[in-house]
Amino acid sequence: MKIRLLLLLILSFPLFNNVNSQATQWGPNGFVKIENGSGGLDANLDPGDRFSRDHDNVGDVNGDGIIDLVVGARSDDDGATDAGAVYILFMNNDGTVQANQKISALEGGFTDPLSEGSFFGYGVAGIGDYNADNIPDIAVTASGSIYIIHLNNDGTVKNFVKNQNLNSQGLSAIGDLNNDGRIDLVACQSTSNIGGNQRGAIQILFFDNASHVMNASTVTIASNQGGFGDGLENNDRFGGREVALLGDINNDGTQELAVGAFMSDGGKGAIWILSLDNSTFNVVSKVKITEGLNGFTDALTDGTNPNGTSGASFGHALCKVGDLNGDGVPDLMTGANQQNEGWGYILYLNADKTVKTFTRINNTDGGFGLALESEERFSRSISFVGDLRGDGTIAVNYGGGAGGTGTLYLLFLKPCEFEQQAGFNFWSGGNTLFSNWTHSTQTVNRPLTFEQCTYKVFETGAPYMTYKDEDGRCICKDSTAILTLSTEESTAYENGCFDNIVLSSEILNPDLNVSIYPNPASSQLNILSSHFNSQVIKEVIIFSYDGIQRKRQQIENSSEPIDISFLNPGIYFMKINSNEGSIISKFFKL
């Protein structure tokens, strides 16, 4: 059944059972390039400021309902050479910058003196509301210190707390690890000499109600310290730029923390997945991921780079992104920023902390249509933004732009349903957009996993995919292909994100100013309309992707929430009926 027809039937309130199974895969949905003079950023950056070397989601600072960002520019020269600066970027829903506020020795109300080489902004993190004023706050590193900066709504500094004697070349917010109501931090110390020359270390930092670090509770993990044991070598640079707390991915009661060691294995780089004890937060077990080890099979470069370093720097930056392939295990974004132009990676993880499969994001892979410059070092920093648009997509920031002022690439990903056709079928005829299968010799050239095959669908814009798990064959066809019985037990899929799929406009009013939030959501949805007086919403009807009505609710007032806690995770459609017509909104249930 064609997806277009499926959606038309949904809008006609069908009650039918679809025997076909579906798989949700998150794929590319465009990007916004943010740099000086582009993407709405007007910041008067200078060459060498190193804007975007670290960044994070800071939350809604100015109260407009849109996620804002904090971005470091550690080599800004306000007040002194390399004194550093931080930018609060007030965002638009489309990923462009609405306005920005600079915080430095000369701007933004920051009063602590910064000197030459302070590198203020080397690491930045959004930490939630630390001082209970309903405005999110930030943490910022400088030479030997970590500042907890309490913000005003306009992005300027209300006040700050300086925590001294803390070295860090990167900073990550990891959520509330110790359940005290405050977001905790990891200071990345890749140049630490604990256990050997520049083997690296991380420190898990907990803060009290006054925003001071609780030194007695600090946990240091390094070579033969904090339960790590052996495995690190000299110059591994364990710690990297960021870490990522994955949660309890194997359901054994421990939290998994991903930490990079970007100069490991001759500069190729590696990632360590650490399982942490729930009370001491020491390492109880660990798995190393690098080329040819624990499921990661891509080839990483190990030669000398133009900047004098060696290797690919795999694992330099890390970001938890949720479950992007629908197998129940959270996945990890990372990169190898010195591999050619800089390659991003999505690592789809197994519950045992190994890699199930991976996909690449670069100039030719991933479907984003990037045009990165040679040696741009894309993926040097990565941070999760979330549903910036409010439409169920997610946004992830990738830093790049080596040699210039610095660039931030805001990548959008959307959930796409791949509908499996009943029985063993394949798409025949039509135009082949990609294939690794040679029919004449019955052989596969470079077998692909299911996730890698779906990315070939994204890259080619194909509506149809044929896949066979046993041999890794992947064939992408255009819309003129025909569903045909397979004698080789291949499986045919339809791409639910095919660009030519549109909702019927016969019963919808696209001018209705109505949206739903949050999206994705786990328990409740809210309806937002700026014209409720003229657009009185009467009812909502929720359908699952197979066309079955799951909920019908009459709406009596605009603030009435919609309970979705009973729904299974996945993609759903909400039809909103008002006195001026109807509109369909898609949402994702977590």
Side-chain angles (χ1 to χ4, degrees), residues 50 52-54 122-123 169-170 188-202 222-223 228 230-244 258-274 286-319 332-347 354-355 358-366 370 372-382 398-403 406-407 409:
R50 299 186 178 181
S52 84
R53 287 296 175 89
D54 203 15
Y122 205 132
Q169 291 84 50
C188 302
Q189 302 168 345
S190 63
T191 60
S192 171
N193 292 321
I194 295 176
N197 183 50
Q198 294 198 346
R199 292 192 178 190
I202 62 170
S223 183
F228 187 92
D230 58 14
L232 294 177
E233 303 292 337
N234 290 342
N235 301 309
D236 272 5
R237 305 290 293 272
F238 173 78
R241 175 73 64 191
E242 298 118 0
V243 304
V259 185
F262 65 94
M263 289 303 294
S264 176
D265 295 81
K268 289 184 176 182
I271 295 169
W272 291 88
I273 309 293
L274 313 177
K286 61 184 186 291
V287 170
K288 182 181 180 181
I289 297 168
T290 188
E291 178 188 333
L293 186 63
N294 287 314
F296 184 69
T297 58
D298 215 17
L300 299 170
T301 58
D302 58 1
T304 302
N305 300 309
N307 63 0
T309 63
S310 298
S313 290
F314 176 71
H316 186 270
L318 300 167
C319 172
L332 182 66
M333 276 195 176
T334 187
N337 68 74
Q338 296 207 126
Q339 181 121 332
N340 302 318
E341 68 270 25
W343 290 8
Y345 285 97
I346 301 173
L347 303 184
T354 61
V355 176
F358 64 90
T359 53
R360 302 188 195 115
I361 302 172
N362 53 38
N363 277 345
T364 57
D365 303 307
L370 298 171
L372 303 169
E373 297 179 4
S374 176
E375 305 296 335
E376 183 157 338
R377 301 193 70 178
F378 175 75
S379 79
R380 191 165 186 174
S381 51
I382 310 173
Y398 272 73
T407 304
Y409 293 88

Student check: side-chain heavy atoms of [X] and [Y] closer than 4.5 Å:
X      : Y      : value
Phe378 : Asn362 : no
Met333 : Tyr398 : yes
Ile271 : Leu347 : yes
Phe314 : Lys268 : no
Asp365 : Thr359 : no

Are the side chain of [X] and the backbone N or O of [Y] linked by a donor-acceptor pair below 3.5 Å?
X      : Y      : value
Thr301 : Asn340 : no
Glu242 : Cys188 : no
Ser52  : Thr407 : yes
Arg241 : Gly170 : no
Ser190 : Gly200 : no
Asp302 : Gly311 : no
Ser379 : Trp343 : yes
Thr334 : Ala317 : yes
Asn363 : Leu372 : yes

Please report the interatomic distance [atom1]([X]) to [atom2]([Y]), rounded to the nearest 0.5 Å.
X      : Y      : atom1 : atom2 : value
Asn197 : Asn235 : CG    : CG    : 5.0 Å
Arg53  : Arg377 : CZ    : CZ    : 6.5 Å
Gln338 : Thr309 : CD    : OG1   : 3.5 Å
Arg237 : Leu232 : CZ    : CG    : 13.0 Å
Leu300 : Ser313 : CG    : OG    : 10.0 Å

Any chance you could lay out the side-chain contact (heavy atoms from CB on, under 4.5 Å) test for Gln169 and Thr191, step after step, and finish with the verdict? CA-CA 8 Å; Gln169 291 84 50; Thr191 60; 3.4 Å; yes
Do you know which two heavy atoms are closest between [X] and [Y], and how far apart they sit?
X      : Y      : result
Gly266 : Ser310 : O-CB, 4.1 Å
Thr290 : Ala270 : CB-CB, 3.9 Å
Trp272 : Gly231 : CZ2-O, 3.7 Å
Ile273 : Ala258 : CD1-CB, 3.7 Å
Ala244 : Leu318 : CB-CB, 4.2 Å
Ile382 : Cys319 : CG2-CB, 3.5 Å

Ion pair check, Asp236 and Lys288, cut-off under 4.0 Å: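 Answer for the salt bridge query: no.
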Run the side-chain contact (heavy atoms from CB on, under 4.5 Å) check on Glu341 and Glu375 step by step: do they pass? CA-CA 4 Å; Glu341 68 270 25; Glu375 305 296 335; over 6 Å; no
Arg360 and Tyr345: CA distance, side-chain angles, deciding distance, side-chain contact (heavy atoms from CB on, under 4.5 Å) verdict: CA-CA 5 Å; Arg360 302 188 195 115; Tyr345 285 97; 3.7 Å; yes
Show the numbers, then the answer: is there a side-chain contact (heavy atoms from CB on, under 4.5 Å) between Asn294 and Val355? CA-CA 6 Å; Asn294 287 314; Val355 176; over 6 Å; no
For the residue pair Asn234 and Arg199, confirm or rule out a side-chain donor-acceptor distance under 3.5 Å. yes
